[in-house]
Amino acid sequence: YTTYGRAADLERAIAELDKATKSNPDYAAAWAHLGMAYYSRRNYEDAIPALQKAIELGANKVDYYNVLGLAHFYMAQCDIAMPLFQKSLAIDPNDLTAQGGMNLCLGVTATPLPPTRKP
């Protein structure tokens with residue numbers, strides 16, 4: 001199974017999921033899978049609205065919050081990503097992906113402490 005074959009399969013999946021969301025705009029699972037497929041292609045600009053729509057329609061899985069948070073992280077939007085990781089941790093406090101996402105954002109947005117004065 002070649003990388004090209006997988007990429008072509010993913011493109012076909014995106015096309016079919018796009019059709020599904022157009023024929024039934026209230027189908028949360030189709031929106032969620034479409035967002036996940038876009039994310040897999042590193043198309044964060046399209047992954048974000050698709051995953052947001054899925055969540056608005058009631059899709060409430062840790063993976064959706066995590067991937068949406070990571071997409072925002074890769075778009076340099078940790079202010080939006082952090083609450084998504086927190087929501088994920090509210091669902092599953094032991095989720096390692098959400099914990100890792102928060103750590104990524106903290107590494108990007110944390111300001112270093114000022115140096116301590118030595119007497």
Side-chain angles (χ1 to χ4, degrees):
Y1 200 40
T2 65
T3 301
Y4 173 77
R6 285 180 278 179
D9 288 345
L10 191 54
E11 289 305 315
R12 281 193 297 276
I14 288 171
E16 290 302 315
L17 289 163
D18 188 52
K19 285 182 200 174
T21 60
K22 285 184 171 104
S23 69
N24 185 355
D26 294 328
Y27 188 23
W31 284 107
H33 291 292
L34 180 61
M36 299 293 263
Y38 280 135
Y39 180 85
S40 294
R41 297 285 296 143
R42 296 186 177 144
N43 180 346
Y44 309 124
E45 296 87 357
D46 290 328
I48 289 170
L51 288 165
Q52 285 173 330
K53 180 73 171 178
I55 290 168
E56 287 169 14
L57 291 171
N60 193 32
K61 289 189 176 182
V62 168
D63 291 343
Y64 303 154
Y65 289 103
N66 286 339
V67 171
L68 182 55
L70 289 169
H72 280 291
F73 168 78
Y74 289 121
M75 298 292 294
Q77 299 169 336
C78 277
D79 56 322
I80 300 170
M82 286 296 277
L84 294 164
F85 295 133
Q86 291 166 342
K87 175 67 176 174
S88 180
L89 289 172
I91 296 168
D92 179 1
N94 299 313
D95 186 74
L96 295 177
T97 303
Q99 292 171 5
M102 290 182 79
N103 287 337
L104 285 170
C105 281
L106 290 172
V108 170
T109 61
T111 31
L113 295 172
T116 56
R117 294 178 152 215
K118 293 183 180 177

Quick one: are K61 and I91 in side-chain contact, heavy atoms under 4.5 Å?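 In short, these two side chains do not touch, never coming nearer than 4.5 Å.
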
First locate atom [atom1] of [X], then atom [atom2] of [Y], and finally report the distance between them rounded to the nearest 0.5 Å.
X	Y	atom1	atom2	answer
D95	D63	CG	CG	7.5 Å
L70	F85	CG	CZ	4.0 Å
D46	I14	CG	CD1	8.5 Å
L84	L89	CG	CG	11.0 Å
N66	M36	CG	CE	8.5 Å
L104	M102	CG	CE	11.5 Å

Show the nearest heavy-atom pair for residues [X] and [Y], with the distance to one decimal.
X	Y	answer
S23	A20	OG-O, 3.2 Å
L51	A32	CD2-O, 3.7 Å
A47	G35	CB-O, 3.4 Å
L10	S40	CD2-CB, 3.8 Å
A28	A54	O-CB, 3.5 Å
A59	Y65	O-OH, 4.4 Å

Would you find a donor on one side and an acceptor on the other, under 3.5 Å apart, between the side chain of Q99 and the backbone of P93? yes

Evaluate the side chain to side chain contact (heavy atoms under 4.5 Å, CB included) criterion for residues N60 and I55: first the C-alpha distance (whole Å), next the side-chain angles of each, then the deciding distance (0.1 Å), finally the verdict. CA-CA 6 Å; N60 193 32; I55 290 168; over 6 Å; no

Apply side chain to side chain contact (heavy atoms under 4.5 Å, CB included) to T21 and K53, showing your working. CA-CA 10 Å; T21 60; K53 180 73 171 178; over 6 Å; no

Decide yes or no on side chain to side chain contact (heavy atoms under 4.5 Å, CB included) for H72 and D79, but give the supporting numbers first. CA-CA 9 Å; H72 280 291; D79 56 322; over 6 Å; no

Pairwise ring-ring contact (aromatic ring centres under 6.0 Å, His included) hits with a residue in residues 18-41, at least two apart: Y39-Y44

